[in-house]
**Student:** 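My questions will all concern the structure given below.
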Amino acid sequence: MPEPVRCSHAPYICQMQYPFSIVEQKWQAHWAANHTYKVDEDPSKPKYFVLDMFPYPSGAGLHIGHPEGYTATDIVSRFKRMCGYNVLHPMGFDAFGLPTERYSMTTGIHPAIATEKNIETFKRQLNAIGFDYDWSRQVNTTLPEYYKWTQWMFLMMYNSWYDRAANKARPIDELPIPSDITDPQEIETYKDNHRLAYIAYSPVNWCEALGTVLANEEVDEWKDKGYTVERRPMRQWMLRITEYAERLLADLSLLDWPSSTLDMQRHWIGRSEGAEVIFPITGNNHSIAVFTTRPDTLFGATYLVVAPEHPIVEHIVTEHQRSEVLAYKDATALKSDLERTELSKSKTGVFTGAHAVNPATGADVPIWVADYVLAHYGTGAIMAVPGHDERDHEFATAFGLPIVQVVQPTDGSSIDVAAEAYSTYGIGVSSANASVSLNGLATNEAKRTIITWLESTGQGKGRTQFRLRDWLFSRQRYWGEPIPIMFYEDGTKRALDADELPLLLPDVKEFKPAGTGESPLATVDSWVNFIDAKTGKRARFETNTMPQWAGSCWYYLRYADPHNHETFCAPDNERYWMGNHGVDLYVGGGEHAVLHLLYARFWHKVLFDYGYVSTPEPFKKLFHQGLIMGEDGRKMSKSLGNVVNPDEVIASHGADALRLYEMFLGPLEASKPWNTRGIDGITRFLDRVWRMMVTEEGTLSPSVVKGAGSPELDRVLHATIKKTREDVENLSFNTTIAQFMIFVNEYTKSEQRSHEAMSAFVQCLAPLAPHITEELWQVLGHDGSVHHSQFPAYDEAKLIENEIEIVLQVSSKIRGKMIVPADADAAAIEELAKCDPNVQKHLDGKQIKKTIVVPGKLVNFIVG
RNA sequence: GCAAGCGUGGCGGAACUGGCAGACGCACUGGACUCAAAAUCCAGCGGGCUCAACCCCGUGCGGGUUCGACUCCCGCCGCUUGCACCA
């Protein structure tokens, strides 16, 4: 039994405070020793899978923001378990990545060692908060037993192509090879061009002085130190996520996600419909294809613009313009994507000296290069219609290019496209040649007409374009999953077979990049110069590693079967935990609204195509928790000195107080400031809960008695049960806790408290404050853990009040209140209301024009 | 610049499909207990009117719909987040 404890801030015995420190340690030890939260597959119960975005175990340890989302899922987990579900609420660590690698570069400590240490710290801190994780299901993305399967899935993608007819991934061996390709080398190249994982040259941030590739977040840091960073194409592994664009977009409709997140994903995928139009180049047998969403304005295209990086540029640039165009191209390479857009408030560009033919008008149009056209979107070239596009208009105005009108407003009003672009839809004008006319056609009709014409004359075709790009899947880093592909001296390559996995990351002493743009793996002789046992050929392994996103694309599946050596997750386990619609609730920061959540969806869909998972989408319901700000209202950061350490809060107030306070601060999704004083209110609440049931000796208080309570107290109890059930489902914990406080305020007033009411209240509080409730459950004389008890039900009949208060209004102004029987009808209420003295005063001598009675709410007399 | 979300006491925040604005907590004020303090318990706590009652004002600003608006509509202002020329 706990003894009265000393206050941390005073040298004498306090009056009846809840001894949180003793109780929390007691039960944490008890839960661990008794495997209270061990999870097994149990087909007799419905499952509930509640998932947190697993943390990156940094050296700094847990900060106060982590427990917010984790507490929310812990509450849901405990609540669902008490409601009869078999709950999976696991935790793991996403531990590959740059921060640990950089730590190793400066300290020389191996990232695996640092990771292990950091994970120990995280686990100790998480356990101190009392989460109900089954640690036997922990995953760690950096362990070979885990990344073996990440590699296996990479190979699954490498060994796949996307069959657009069947709309799914299929084995590469089933790829139809065109009959004119017969050379084995050419067949291999053809396959490579269709694999879901492929090699391409893609621009990276290259720093010549450092001899390394920089991550986007590092670029500014080094530029500030005076280093030059340029965009340079390098050999990279890519994943063909663009083949899934249509499905990634369509399946968003299956999800119960925040609408802002759905919007962001839609925008990221960026579907737009339009046409590809081919412009032949004058005096040259090349041509330029452009993508446009407004093919109806083709007659108004007075020039073309191509991206500086576009390969056509060097074929068409005239001698006279060559040096100027090349200088412009070099200047563009030095700009980051951000600078390129930020600095371009006014448009820049250079004439190539070349011309092309507008297929509709037959006119010669000049070809320019400009950095406002992006190489990676559409075809990397546009037809400029300055009369009907703002950007083109700005450019044409700056460089004196012709502007013509080909669309007029539907209402026939006159516009001046020389002054301002008219980009709204309208009616085609001045848009006809010998074989097609768009004049008089509304924009949508004009689009269809011109596309039909372009297709019939072979000068273009309708096309759907996505903003989404293929996923750059390699990093020139050490601390990531090795890519299980080897290259032979003759230029051929071999992917490892499943039985050769995992391909272990070799031990190295030096974590700095090789200086050639390759990862530290390039300096490991056994990695880049060995004899392949299967073929006897000399080989080198891929020196790129996978990005940090890789391991987080499928970790949720591993929780369902964490120790399987035969497969990443046994089908039975997958069906049990992911059945119906995948993860039931996923909670994590809004910063992952696009990348992680899009990559994981894509990865899951590839697995789905092969039948390895049973749902098209991994995460049914998603919730983003808000940020906890510093006491000064600013984001917590070391440099501002406003960081709150959870260890210190647990030491001073206890884990239950930390949990409750984080949930009481405000709505889970909102960002809200921490307040050190505020948590004292929670401590007071827990002390009152304690005193409501426990004596100074730690035994059951004599005020807790068997038998029913008063109808008023019963109503508070059943209202509390109802509110808890509803709020927990909606993750509205702040209002749940407010209701708990009301309960305690009411029951504290009473001399006698029903044992049943106390027990039910302890059960309501249990998901939020698991330690104090476990102790109280025992004090109340119950066997077993409160967390395995059945959540109380509420009785609707006990919630009904006999008498209710009605608001009295005269001309919509409140003039009084009255108590009426709950079952009083409208006529009776109206008559009673007229008797109220203050109402009579305001009705006096006036005509009642209208009476509004809302039963249970109000009476309103409108007087003239 | 574009898009979305949000603006409620000294503070964090409540208010279900339009029906008592300010639940609950923090801070503060007064009282009880105490030699005293802490802790605890009780009471008060948007503004105005010298107490109370009564009354008036009040949910960023300006309009509107409605018997009735924090809630719905239109236009501003401010903050937050996301995207940054996507043809």
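Just so we're on the same page: letters track the sequence lines, and every chain starts at 1. This one's a predicted model, so the numbers in the text were calculated from it and none came from an experiment.
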**Student:** How many Å lie between NE2 on A:H653 and P on B:C26, as a whole number?
**Tutor:**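 It works out to 12 Å between those atoms.
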**Student:** Which of these nucleotides, B:A87, B:G19, B:G25, is closest to any side-chain atom of A:F291?
**Tutor:**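 Side chain of A:F291 sits closest to B:A87.
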**Student:** I want to verify a distance call: between B:A87, B:C56, B:C24, whose nearest atom is closest to the A:I742 side chain?
**Tutor:**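 Of the options given, the side chain of A:I742 lies nearest B:C24.
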**Student:** Should the pair A:K347 and A:F395 be classed as cation-pi, given the thresholds of under 6.0 Å to the six-membered ring centre and 45° from the axis?
**Tutor:**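 No cation-pi geometry.
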**Student:** Nearest to the side chain of A:F664, which nucleotide is it out of B:A27, B:C24, B:G13?
**Tutor:**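 Out of B:A27, B:C24, B:G13, the nucleotide with an atom closest to A:F664's side chain is B:C24.
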**Student:** Return the nearest nucleotide to the side chain of A:R691; candidates are B:G19, B:C54, B:U40.
**Tutor:**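 Nearest nucleotide to the side chain: B:U40.
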**Student:** Return the nearest nucleotide to the side chain of A:R391; candidates are B:A84, B:C20, B:C86.
**Tutor:**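 Of all the options, the side chain of A:R391 is nearest to B:C86.
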**Student:** Let's see if you can work this out: which of B:A4, B:C54, B:C67 has an atom nearest to the side-chain heavy atoms of A:K841?
**Tutor:**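 Shortest atom-to-atom distance from the side chain points to B:C54.
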**Student:** Do the side-chain N or O atoms of A:R266 get closer than 4.0 angstrom to the phosphate oxygens (OP1, OP2) of B:A3?
**Tutor:**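 Looking at the OP1 and OP2 atoms of B:A3, neither is under 4.0 Å from any side-chain N or O of A:R266.
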**Student:** Can you name the one residue among A:M741, A:E662, A:H653, A:M663 that meets side chain to side chain contact (heavy atoms under 4.5 Å, CB included) with A:I682?
**Tutor:**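 With A:I682 as partner, A:M741, A:E662, A:H653, A:M663 yield a single side chain to side chain contact (heavy atoms under 4.5 Å, CB included), made by A:M741.
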**Student:** Would you measure the distance from the C1' atom in B:U71 across to the matching atom in B:G18 and give it in whole Å?
**Tutor:**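 Per the computed distance, 6 Å lies between those C1' atoms.
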**Student:** Between A:L304 (CG) and B:A87 (P), how many Å, whole number?
**Tutor:**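 In whole Å, B:A87 P lies 17 Å from A:L304 CG.
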**Student:** Let me know the distance between NZ of A:K672 and P of B:G12, rounded to the nearest Å.
**Tutor:**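 One finds 13 Å between P of B:G12 and NZ of A:K672, rounded.
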**Student:** May I have the distance from A:M741 (atom CE) to B:C24 (atom P), rounded to whole angstrom?
**Tutor:**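 Those two atoms, CE and P, are 10 Å apart.
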**Student:** Picking from B:C20, B:C41, B:C57, which would you name as closest to the side chain of A:R688?
**Tutor:**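 Nearest to the side-chain atoms of A:R688, counting from C-beta on, is B:C41.
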**Student:** Looking at A:K813, does any N or O in its side chain come under 4.0 Å of the phosphate oxygens OP1/OP2 on B:C57?
**Tutor:**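 For B:C57, OP1/OP2 do have a side-chain N/O of A:K813 under 4.0 Å.
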**Student:** For A:F291 and A:Y377, take the angle between the two ring planes, folded into 0 to 90°, and tell me which bin it lands in: parallel under 30, tilted 30 to 60, perpendicular over 60.
**Tutor:**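 Ring orientation, 0 to 90° scale: perpendicular.
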**Student:** Distance check needed: B:C24 P versus A:E746 CD, whole Å only.
**Tutor:**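 Spelled out: CD on A:E746 to P on B:C24 is 9 Å.
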**Student:** Hey, are A:R266 and A:D263 close enough for a salt bridge, meaning a charged N less than 4.0 Å from a carboxylate O?
**Tutor:**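 Salt bridge: yes.
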**Student:** Check the chi torsion on B:G9 and let me know: syn if it falls within 90° of 0, anti if not.
**Tutor:**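 Base orientation relative to the sugar is syn.
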**Student:** Count the heavy atoms belonging to other residues, nucleotides or ligands that lie under 6.0 Å from CD of A:E390, then report whether that count exceeds 12.
**Tutor:**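 No, CD of A:E390 has 12 or fewer neighbouring heavy atoms, counting only those of other groups under 6.0 Å.
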**Student:** To the side chain of A:W268, which of B:A84, B:C57, B:C85 is closest?
**Tutor:**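 The answer is B:A84, which lies nearest to the side chain.
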**Student:** Treating a pair as Watson-Crick (purine N1 to pyrimidine N3 plus N6-O4 or O6-N4) or G-U wobble (N1-O2 and O6-N3) with both distances under 3.5 Å, list the stems of 3 or more consecutive pairs that involve RNA chain B.
**Tutor:**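 Result, WC/G-U stems under 3.5 Å: B:1-7 with B:77-83, B:10-12 with B:24-26, B:28-32 with B:40-44, B:46-48 with B:55-57, B:60-64 with B:72-76.
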**Student:** Both A:I679 and A:Q465 contact RNA chain B. Which one's nearest nucleotide lies toward the 5' end?
**Tutor:**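 Between the two, 5'-proximity favours A:I679.
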**Student:** Just the rounded figure in Å: distance from C1' of B:A27 to CZ of A:R684.
**Tutor:**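 Answer to the nearest Å: 10 Å.
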**Student:** Tell whether A:K817 reaches the base of B:C20 with its side chain through a donor-acceptor pair below 3.5 angstrom.
**Tutor:**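 Looking at the base of B:C20, it does pair with a donor or acceptor on the side chain of A:K817 (distance under 3.5 Å).
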**Student:** Could you state the CD-C1' distance from A:E662 to B:G13, rounded to the nearest angstrom?
**Tutor:**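 From A:E662 CD to B:G13 C1': 16 Å.
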**Student:** Between B:A87, B:A14, B:C67, spot the one nearest the side chain of A:I852, thanks.
**Tutor:**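 Shortest atom-to-atom distance from the side chain points to B:C67.
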**Student:** Just by distance, with hydrogens left out, do A:T242 and A:D470 show a side-chain donor and acceptor under 3.5 Å apart?
**Tutor:**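 Result is yes, a qualifying pair exists.
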**Student:** Could you check how far CD1 of A:I288 sits from C1' of B:A87, rounded to whole Å?
**Tutor:**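 After rounding, the reported distance stands at 15 Å.
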**Student:** Salt bridge or not for A:E805 and A:K857, using N-O below 4.0 Å?
**Tutor:**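 No salt bridge links A:E805 with A:K857.
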**Student:** Considering all heavy atoms of both residues, which atom of A:E276 and which atom of A:T379 are nearest to each other, and what is their separation?
**Tutor:**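 Reported closest heavy-atom pair: OE1-CG2, 4.1 Å.
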**Student:** Check every atom of B:C83, B:C54, B:G13 against the side chain of A:H267 and return the nucleotide holding the closest atom.
**Tutor:**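 The answer is B:C83, which lies nearest to the side chain.
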**Student:** CD of A:E669: more than 12 outside heavy atoms within 6.0 angstrom?
**Tutor:**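 Enclosed.
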